[in-house]
Amino acid sequence: MSIVAKFEVHYSQFLDPHGKAVEPLPEFARDPGNLVALYRWMVLMRAYDAKAIALQRTGQLGTFASLLGHEAVNAGVGSAMERDDVFLPTYRENGVQLMRGVSLKELFLYWGGDERGCDYAGPRRDFPICVTIAAHVTHAVGVAYAMTLRRERRVAVCALGDGATSKGDFYEGLNAAGGWRLPLVFAVTNNQWAISVPRKTQSAAQTLAQKAIAAGMEGIQVDGNDVVAVRHAMDRALAKARAGGGPTLIEALTYRLSDHTTADDASRYRGPDEVAEAWKLEPILRLRSYLMADSAWDKAKEDALLRECNEQVQAAAQAYLDTPPPTAEQMFDHLYAQLPAAFVRQRAAALGDE
Amino acid sequence: MSIVAKFEVHYSQFLDPHGKAVEPLPEFARDPGNLVALYRWMVLMRAYDAKAIALQRTGQLGTFASLLGHEAVNAGVGSAMERDDVFLPTYRENGVQLMRGVSLKELFLYWGGDERGCDYAGPRRDFPICVTIAAHVTHAVGVAYAMTLRRERRVAVCALGDGATSKGDFYEGLNAAGGWRLPLVFAVTNNQWAISVPRKTQSAAQTLAQKAIAAGMEGIQVDGNDVVAVRHAMDRALAKARAGGGPTLIEALTYRLSDHTTADDASRYRGPDEVAEAWKLEPILRLRSYLMADSAWDKAKEDALLRECNEQVQAAAQAYLDTPPPTAEQMFDHLYAQLPAAFVRQRAAALGDE
Amino acid sequence: MAQITLVEAINLALAREMERDESVVVLGEDVGVDGGVFRATLGLAGRFGPGRVLDTPLAEALIAGMAIGMAAEGLKPVAEIQFAGFAYSTIDQILNHAGRMRHRTRGRLSCPMVVRTPCGAGIHAPEHHSESPESMFAHIPGIRVVYPSSPRRAYGLLLAAIRDPDPVVFLEPTRLYRLFKEEVADNGEAAPLDACFTLREGADVTLVTWGPMVPETLAAADELAEQGVSAEVVDVATLKPLDLDTILGSVARTGRCVVVTEAARTCSYASEIAAGLAEEALLNLLAPVQRVTGYDVVVPYSRLEHRYMPGKARIIAAVKKALAFA
Amino acid sequence: MAQITLVEAINLALAREMERDESVVVLGEDVGVDGGVFRATLGLAGRFGPGRVLDTPLAEALIAGMAIGMAAEGLKPVAEIQFAGFAYSTIDQILNHAGRMRHRTRGRLSCPMVVRTPCGAGIHAPEHHSESPESMFAHIPGIRVVYPSSPRRAYGLLLAAIRDPDPVVFLEPTRLYRLFKEEVADNGEAAPLDACFTLREGADVTLVTWGPMVPETLAAADELAEQGVSAEVVDVATLKPLDLDTILGSVARTGRCVVVTEAARTCSYASEIAAGLAEEALLNLLAPVQRVTGYDVVVPYSRLEHRYMPGKARIIAAVKKALAFA
Ligand SMILES: Cc1ncc(C[n+]2csc(CCOP(=O)(O)OP(=O)(O)O)c2C)c(N)n1
Ligand SMILES: Cc1ncc(C[n+]2csc(CCOP(=O)(O)OP(=O)(O)O)c2C)c(N)n1
Ligand SMILES: [Mg+2]
Ligand SMILES: [Mg+2]
């Protein structure tokens with residue numbers, strides 16, 4: 001018996017749940033202005049989230065997947081990326097999307113059941129939300145491959161959940177990304193649940209970060225409620241990718257504080273104690289505590305920010321509600337670059353059929 | 001930064017390429033009779049292989065996948081399993097199948113393009129050869145789950161190749177097997193090639209054994225040209241599985257000395273030097289060297305064995321060639337337990353249509 | 001006898017058969033403590049234990065492949081795919097293995113398994129929750145494809161599907177899960193597989209449909225009746241193998257046929273029915289067969305899906321066209 | 001102009017388009033140094049480098065998904081799936097993503113990609129090497145499905161497919177790869193997509209087919225001609241979208257139609273053609289449309305596959321039946 005390979009999985013946290021720094025902060029976080037900027041985004045995300053749920057509850061939006069508790073992951077990922085990188089999101093990264101220039105109105109349109117919400121005016125090359133779990137991991141491989149082939153210094157960032165790490169597409173993509181050393185970062189949000197299925201049912205792997213080992217790439221675990229840890233891991237992974245060092249998998253540990261979606265009732269499968277415990281770790285309070293202790297933030301600023309976010313969200317919701325409904329030709333007009341003759345009659349019939 | 005998980009991948013070899021023991025042999029291998037028995041199987045496999053290729057070359061058999069060089073893996077796996085375990089093979093484990101009671105004639109029938117070759121008179125519950133790479137890994141999970149549910153002490157053994165470890169089904173199955181701690185052994189034959197694609201193109205993982213880490217299970221690498229190492233690893237994995245200890249992945253390192261199949265020409269993508277080097281490591285010579293040095297084997301026994309194997313193979317080939325061709329109703333008669341009325345007319349038409 | 005919904009009928013059939021036959025196991029995503037996202041497996045985990053009601057990892061090919069292994073090894077798995085939109089990754093396993101295991105081994109191994117999945121649009125759900133993949137499954141040899149349209153038929157057909165010795169893809173019309181209730185006797189009696197159900201007799205035209213479009217088609221028939229048109233309505237129920245004789249018999253009487261499905265038109269199951277008629281009913285047809293189908297487009301997001309699905313108006317228009325044909 | 005085989009024509013088109021457009025990349029299993037198991041990509045890796053001719057890991061969903069990512073990011077991937085039997089695991093990606101990306105993003109992103117795969121039985125290969133999945137692909141909205149049947153059409157149609165701004169599933173008839181040669185001008189001229197090719201004109205009956213059954217159907221037409229029956233032969237070539245008009249025009253003249261495919265009958269593409277005729281050609285049909293197809297069974301292993309595939313005799317018998325119809 002000899003040992004032919006050895007691996008370690010590292011975990012990183014900078015701010016503990018009380019907002020105390022437990023490690024010297026990385027460069028970017030030493031400037032409180034940077035952290036305040038992240039904080040503002042996180043608060044906007046929460047305001048957006050609350051509004052979306054309110055709209056859904058009042059029948060003005062379709063099924064919505066809340067990102068409550070995921071604000072640090074979203075802000076860490078969103079702030080680290082460059083504008084011309086490509087982001088491939090799931091439904092729980094609306095926060096990242098906002099930071100990349102997707103508008104609140106576009107997000108509302110999307111959840112309102114309107115494809116126009118995926119025609120992002122901002123990040124034109126970002127992918128739309130991938131609903132079929134993990135399918136987009138393979139898309140990310142293709143995107144990153146294209147970047148490499150053209151010798152660009154861009155990076156693809158693929159977001160996914162803990163449940164997604166059980167799916168074949170995840171692994172096929174991960175394995176290929178490792179093989180070609182692609183400029184690709186896998187941002188895995190381990191929020192402990194995939195609908196009603198707990199993390200430990202998904203896999204006997206102690207960490208999801210170690211899935212990277214199967215692909216011959218680096219995997220790291222971070223405290224996903226600590227925006228500094230997420231951002232720092234992203235910074236390093238992106239820099240490595242840009243330098244040709246290949247892909248990284250980041251497992252961000254957090255908790256889904258909400259139901260899976262507005263169509264779900266999480267109390268059916270998990271107890272209130274667990275959720276209450278998780279609230280103690282939540283990311284916004286943590287960052288605020290740090291900033292307040294640092295005197296970079298105060299009550300007045302908080303009130304002003306909340307007002308500002310609510311107004312912004314309110315205005316976007318109104319713009320969404322004011323958007324005229326899509327018309328029947330939209331079923332046909334972006335199906336092909338040019339609608340084939342065979343379907344022209346169907347289009348006409350659809351328009352005629354009120 | 002803290003370390004949250006640590007892993008090691010072990011490698012095991014007992015007989016070196018010259019047939020010298022480099023470690024104290026495990027219990028079963030201390031009885032030369034046991035090793036002679038394995039040797040006899042390995043020689044039979046090679047005789048079968050040669051005959052199958054000869055039949056194919058003369059138009060008497062369809063495309064055939066040779067197991068040349070894989071005799072130790074086959075014998076190690078086949079000898080370790082219990083009769084009522086379930087084996088799920090690919091096309092390169094005809095040797096294991098023989099040891100489990102599949103007849104030479106059945107194998108010839110299979111390669112001759114006749115489903116009757118999958119109706120094994122011996123191991124009734126073993127799976128037929130799985131041609132779609134890695135699909136059977138998920139079948140193995142179902143088989144092992146059924147065993148567990150019924151509290152049996154049986155084990156499922158799933159064989160696959162290095163190429164198969166890139167496929168989503170492999171990972172989905174592995175991950176699930178780990179999660180349920182199923183009585184399941186994954187016997188991965190890393191023969192360095194998947195048709196023309198070399199092992200290193202499949203994955204950046206240094207070993208295939210480490211793929212197990214992603215599933216939270218044990219993975220181990222063995223010298224796949226050393227039947228003692230394969231058998232020993234199988235013994236341990238099977239015992240662990242039977243004791244409720246869960247699955248194991250065994251990566252057996254060997255080399256595909258043949259073309260991928262008779263339809264392939266390996267010289268298109270690999271040089272003769274590499275193949276010549278691999279021949280120096282091949283398993284039959286190695287075991288013979290050991291047995292001869294141990295005086296458990298000699299030239300006379302060898303000659304007798306070769307004669308015996310050739311006769312056996314020849315007789316089976318003849319029985320295969322003498323088998324009347326399948327008839328058209330066989331397309332219909334095992335499609336459903338009972339042919340639905342809707343297809344009865346088709347069956348009649350097929351029989352009428354000569 | 002209780003008045004229950006279609007999804008309750010599914011639940012009832014599952015419980016009944018798990019009780020009767022301990023080799024029946026249920027597996028899928030969220031089928032355990034959550035009882036399935038539509039509650040089709042509600043209470044089963046509590047009653048039969050997590051060993052027989054398995055929450056699987058999030059992996060559809062695994063679910064299908066695992067069911068194949070279980071079935072070949074003697075269990076009777078009933079696998080749930082959460083939505084048909086996620087069932088495409090099971091096609092490889094169902095086509096290449098479930099439908100072939102018996103044939104390939106000449107009867108030595110078989111796959112008595114059911115893959116259940118909710119299908120169809122119209123529930124204002126997100127993308128991929130509106131699929132109608134029935135024709136893709138119906139093309140696969142060696143399997144059955146069943147698509148019930150009422151609580152009673154769902155109960156009886158699911159029992160039949162579980163008891164069937166071969167693989168069955170069991171499609172469930174999401175839109176009808178809770179649309180109406182019906183009295184269902186929980187008597188363990190299976191409904192016949194491989195048979196169409198004539199839901200309404202009529203003399204002027206035959207309306208052929210299945211699954212989620214059945215109520216809409218019946219409503220069209222009602223409205224037509226008010227207008228003096230007598231429409232026969234046939235619920236195909238088992239799409240593979242098809243009981244074409246019932247349809248031919250009806251068309252022989254009515255001389256006109258409209259086939260209704262919400263699936264995209266090209267290579268839909270409506271094409272199969274129309275082809276069968278083109279081959280077997282030419283002399284009986286007084287008017288061309290018409291397919292009233294979804295368009296050959298992606299099912300739009302929820303805000304537009306009502307414009308995608310064929311409704312009563314389109315069915316009635318097709319019937320009128322058939323009647324007007326000289 | 002050289003006489004070349006169909007697979008050589010594929011190779012020629014790939015090389016031509018890679019030369020012309022550097023965004024074209026080829027990916028798949030063994031497509032690199034080996035040149036593909038059928039040699040369709042022979043010499044490309046040497047000529048254009050491994051960056052543009054990628055040997056992928058053994059993972060079909062990856063191949064399709066990666067192509068989607070590449071295409072959305074501006075490349076023009078041409079992916080090879082080694083055999084159609086392994087293409088089922090790409091359906092999820094093709095249906096849920098390739099065919100939807102443009103629609104979903106309202107034209108912001110698109111998928112100009114080709115998925116090539118050899119199809120059909122009759123080469124005495126192992127199991128899963130004999131598939132005819134065309135109707136499953138043809139059901140998918142937002143894509144094209146092309147199935148050439150001669151070297152010249154293969155060359156022109158593949159060029160068209162690569163240049164097309166939307167996803168194309170490009171099926172190649174394995175049995176015809178080297179069956180015959182044809183003069184092919186390597187002039188970079190694409191053949192028209194979305195159009196049927198009338199290969200032979202005739203007055204008595206229309207034979208509609210595509211891909212691997214084309215030569216057999218032409219042979220049947222030859223034999224029929226000797227017997228005084230004049231058969232028109234239409235090669236559908238692009239199955240989605242279908243140029244039904246050409247077929248309708250032909251049937252309007254002949255009054256009889258036989259559709260030929262080796263795919264399993266139920267929900268085959270032959271059903272789509274027959275349905276189109278049932279809908280649009282009733283008054284022109286002098287006899288029922290007939291589908292000459294593979295049986296609804298698993299394609300048997302090689303020793304029996306000749307009993308599975310519809311041959312000249314079955315085509316001729318169907319024509320005779322159509323002619324005898326009163
Ligand atoms: C392939 C596929 N299977 C099933 C589903 C249904 N589904 C939607 S979300 C979800 C759970 C996802 O869990 P995870 O990846 O942890 O993400 P989270 O929702 O926690 O963010 C499931 C099963 C789906 N969307 N796609
Ligand atoms: C899903 C699937 N894709 C592709 C193929 C074609 N194919 C047959 S064998 C093979 C290579 C398999 O390599 P490996 O797993 O290393 O097994 P080996 O042949 O070396 O024993 C390929 C690509 C297949 N059979 N199944
Ligand atoms: Mg989760
Ligand atoms: Mg190999």
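Convention: sequence-line order gives letters A, B, ...; per-chain numbering from 1.
With a threshold of 4.5 angstrom between heavy atoms, Glu60(D) approaches chain B through its backbone and through its side chain. Using a 4.5 Å cut-off between heavy atoms, Pro126(D) touches chain B through its side chain atoms alone. Contacts between Phe83(D) and chain B at a heavy-atom distance below 4.5 Å are absent for every atom of the residue. Contact of Leu339(B) with chain D is not made at all, since no heavy-atom distance falls under 4.5 Å. Of the two parts of His306(D), neither the backbone nor the side chain holds a non-hydrogen atom closer than 4.5 Å to a non-hydrogen atom of chain B. In this structure, the portion of Thr327(B) lying under 4.5 Å from any heavy atom of chain D is its backbone and not its side chain. Looking at Ile195(B), the atoms closer than 4.5 Å to chain D (heavy atoms on both sides) sit in the backbone and in the side chain alike.
Residues Arg265(D) and Gln346(B) come closest through the heavy atom pair CD-NE2, 3.4 Å. Considering all non-hydrogen atoms of both residues, Gly113(B) and Ser302(D) come closest at CA-OG, 3.3 Å. Closest heavy-atom contact between Ala194(B) and Asp30(D): O-OD1, 3.5 Å. Contact between Asp55(D) and Thr201(B) at its shortest, heavy atoms only, is O-CG2, 3.6 Å. The shortest non-hydrogen separation linking Ala350(B) to Arg307(D) is O-NH2, 3.0 Å. Of all heavy-atom pairs spanning Leu58(D) and Gln202(B), the tightest one is N-OE1, 3.0 Å.
The environment of CD in Gln338(B) is sparse: at most 12 heavy-atom neighbours from other residues, nucleotides or ligands sit within 6.0 Å.
In this structure, the side chains of Cys118(B) and Tyr301(D) come closer than 4.5 Å at one or more pairs of heavy atoms. Using a 4.5 Å heavy-atom cutoff, the side chains of Leu42(D) and Arg268(B) are in contact. Glu127(D) places none of its side-chain heavy atoms less than 4.5 Å from the side chain of Ile129(B). Contact check for Val131(B) versus His129(D): side-chain heavy atoms found under the 4.5 Å cut-off. Side-chain contact check for Thr266(D) versus Phe343(B): some heavy-atom pair is nearer than 4.5 Å.
In terms of heavy-atom pairs under 4.5 Å with chain B, the best-connected choice from Val33(D), Val299(D), Val37(D), Val297(D) is Val297(D). Most heavy-atom pairs under 4.5 Å with chain D, from the set Ile133(B), Thr165(B), Thr261(B): that is Ile133(B). Chosen from Asp264(B), Asp265(B), Asp114(B), the residue pairing most often with chain D at heavy-atom distances under 4.5 Å is Asp114(B). Ranked by non-hydrogen atom pairs under 4.5 Å with chain D, the options His260(B), Lys167(B), Glu115(B), Gln330(B) are led by Glu115(B).
To the nearest 0.5 Å, the span separating CG on Leu304(D) from CD on Glu329(B) amounts to 9.0 Å.
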